[in-house]
Amino acid sequence: MGNKYYYLVASLPYLKFQKHPLISKEAFLDECAKWLSEKDKALLESVDFRKEKKETNELIGKWDEFDKGLKREIARFREAKKSGMPEKSLSDTARSIMAEENPFLVEERFEKTRWDFLLNEELKYSFDINTLIIYFLKLEIMERLSEFNKEKGEEKFYKYCEVFL
């Protein structure tokens with residue numbers, strides 16, 4: 001049986017989609033470092049998309065497969081739209097994401113789809129390393145969404161539009 005981290009998991013603030021998290025990824029990892037075994041710590045650190053994956057488990061494999069598959073479908077949709085040829089083999093999920101007119105809403109729906117995948121996976125685990133991996137992935141989603149800034153986005157948009165006009 002794997003390690004159980006009852007106190008650590010129970011002490012973490014609740015995460016809700018589109019709400020500002022009460023803990024940063026760095027603070028979360030610092031807290032985890034106090035409680036995790038070396039093996040579990042290495043596994044959790046390997047989830048960070050900016051780092052090379054050295055460790056893996058079933059959950060990380062399922063996440064990678066889902067995430068890469070979703071990104072491939074969206075890329076195929078964009079390519080088909082650009083070429084004027086509708087892509088018929090896309091999933092309803094990819095179609096619903098790309099149905100938004102506003103680019104921010106496309107990204108938001110993309111992240112919500114990823115979030116929902118994690119919510120479904122979360123039901124399978126309790127107080128173990130997989131619970132912490134899911135928590136970390138949710139923090140990454142929240143961090144990405146918080147980086148979107150309407151004023152900066154509009155500024156860049158108009159700057160690039162001026163170049164082409």
Side-chain angles (χ1 to χ4, degrees), residues 1-78 91 93-94 96-98 100 102-156:
M1 183 162 104
N3 292 328
K4 295 289 187 174
Y5 300 106
Y6 299 106
Y7 179 80
L8 174 60
V9 173
S11 70
L12 294 171
Y14 179 73
L15 300 179
K16 187 171 182 178
F17 187 74
Q18 292 183 315
K19 299 291 182 192
H20 185 73
L22 298 175
I23 188 170
S24 69
K25 282 188 340 185
E26 293 74 23
F28 170 71
L29 290 173
D30 288 345
E31 188 61 27
C32 286
K34 298 174 192 175
W35 298 92
L36 299 182
S37 68
E38 287 303 315
K39 180 182 176 192
D40 285 351
K41 184 179 172 191
L43 186 59
L44 182 61
E45 288 173 349
S46 76
V47 175
D48 192 337
F49 66 88
R50 295 167 294 179
K51 295 181 180 177
E52 179 183 337
K53 292 210 184 330
K54 298 175 192 136
E55 303 284 333
T56 192
N57 72 359
E58 183 181 349
L59 172 63
I60 294 171
K62 286 171 78 173
W63 168 255
D64 282 344
E65 183 180 321
F66 168 79
D67 193 44
K68 287 175 184 172
L70 185 59
K71 288 175 182 175
R72 270 193 306 273
E73 277 197 86
I74 290 171
R76 279 194 358 239
F77 184 93
R78 288 179 172 152
S91 70
T93 303
S96 71
I97 291 170
M98 299 308 293
E100 294 291 344
N102 180 321
F104 171 72
L105 294 177
V106 168
E107 293 299 327
E108 190 176 70
R109 189 169 280 189
F110 170 74
E111 293 300 348
K112 178 68 169 113
T113 302
R114 296 170 80 218
W115 185 275
D116 290 344
F117 174 85
L118 292 171
L119 284 179
N120 289 330
E121 289 300 310
E122 191 173 45
L123 299 172
K124 301 172 186 172
Y125 307 102
S126 59
F127 301 101
D128 62 2
I129 186 61
N130 292 310
T131 305
L132 297 170
I133 289 169
I134 290 169
Y135 195 92
F136 182 79
L137 291 168
K138 286 180 172 181
L139 284 173
E140 284 192 330
I141 290 170
M142 295 172 88
E143 182 180 87
R144 181 169 186 268
L145 285 173
S146 72
E147 290 173 351
F148 290 115
N149 180 300
K150 182 178 179 182
E151 291 78 29
K152 286 182 182 179
E154 283 180 348
E155 184 181 309
K156 283 184 179 183

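Evaluation of the side chain to side chain contact (heavy atoms under 4.5 Å, CB included) rule for Met142 yields Leu15, Pro21, Trp115 as partners, not counting sequence neighbours. For Thr93, the side chain to side chain contact (heavy atoms under 4.5 Å, CB included) test picks out Leu70, Ser91, Ile97, Thr113, with sequence neighbours left out. Annotation: side chain to side chain contact (heavy atoms under 4.5 Å, CB included) contacts of Ala75 (sequence neighbours excluded): none. Here Arg72 pairs with Lys68 under the side chain to side chain contact (heavy atoms under 4.5 Å, CB included) rule; sequence neighbours left out.
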Q. Are Glu140 and Arg144 close enough, and set up right, to give a side-chain contact (heavy atoms from CB on, under 4.5 Å), and what steps lead you there?
A. CA-CA 6 Å; Glu140 284 192 330; Arg144 181 169 186 268; over 6 Å; no
Q: Kindly determine whether Ile134 and Lys124 satisfy side-chain contact (heavy atoms from CB on, under 4.5 Å), including the steps that lead there.
A: CA-CA 11 Å; Ile134 290 169; Lys124 301 172 186 172; over 6 Å; no
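In the displayed structure, Glu147 atom CD is contacted under 6.0 Å by more than 12 heavy atoms of other residues, nucleotides or ligands.
Using a 4.0 Å cut-off between charged side-chain N and carboxylate O, Glu111 and Arg114 make a salt bridge.
Looking at Asp128, its side chain does come within 3.5 Å of a backbone N or O of Thr131 through a donor-acceptor pair. Under the 3.5 Å distance criterion, the side-chain polar atoms of Arg109 are left unmatched by any main-chain donor or acceptor of Met98.
Closest approach of Phe28 to Leu132, counting heavy atoms only: CZ-O, 3.6 Å. The heavy-atom pair separating Leu59 from Asn57 by the smallest distance is N-OD1, 3.1 Å. In this structure, Asp67 and Phe110 approach most closely via the heavy-atom pair OD1-CZ, 4.3 Å. Between Ser46 and Ile60, the closest heavy-atom pair is OG-CD1, 4.1 Å.
For the atom pair CD of Glu122 and CG of Asp116, the computed distance is 11.5 Å after rounding to the nearest 0.5 Å. Separation of atoms CD (Glu121) and CG (Leu119) is listed at 10.5 Å; rounding is to 0.5 Å. A distance of 11.5 Å separates NZ in Lys4 from CD1 in Ile129, rounded to the nearest 0.5 Å. The NZ atom of Lys62 sits 9.5 Å away from atom CG of Asn120, with the distance rounded to the nearest 0.5 Å.
Among Leu137, Leu139, Ile133, the one residue that satisfies the side-chain contact (heavy atoms from CB on, under 4.5 Å) test with Tyr135 is Leu139.
For Tyr5 and Phe127, the ring centers sit 6.0 Å or farther from each other.
The list of side-chain hydrogen bond (donor to acceptor under 3.5 Å, both in side chains) pairs with a residue in residues 8-22, not counting sequence neighbours, reads Gln18-Glu108.
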Distance-only donor-acceptor hits, side chain of residues 29-37, under 3.5 Å, sequence neighbours excluded:
{"residue": "Glu31", "atom": "OE1", "partner": "Lys34", "partner atom": "NZ", "Å": "3.0"}
{"residue": "Glu31", "atom": "OE2", "partner": "Trp35", "partner atom": "NE1", "Å": "3.0"}
{"residue": "Ser37", "atom": "OG", "partner": "Asn3", "partner atom": "ND2", "Å": "3.3"}
{"residue": "Ser37", "atom": "OG", "partner": "Asp40", "partner atom": "N", "Å": "3.2"}

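Ring geometry, Trp63 versus Phe117: the interplanar angle falls from 30° to 60°, so the pair is classed tilted.
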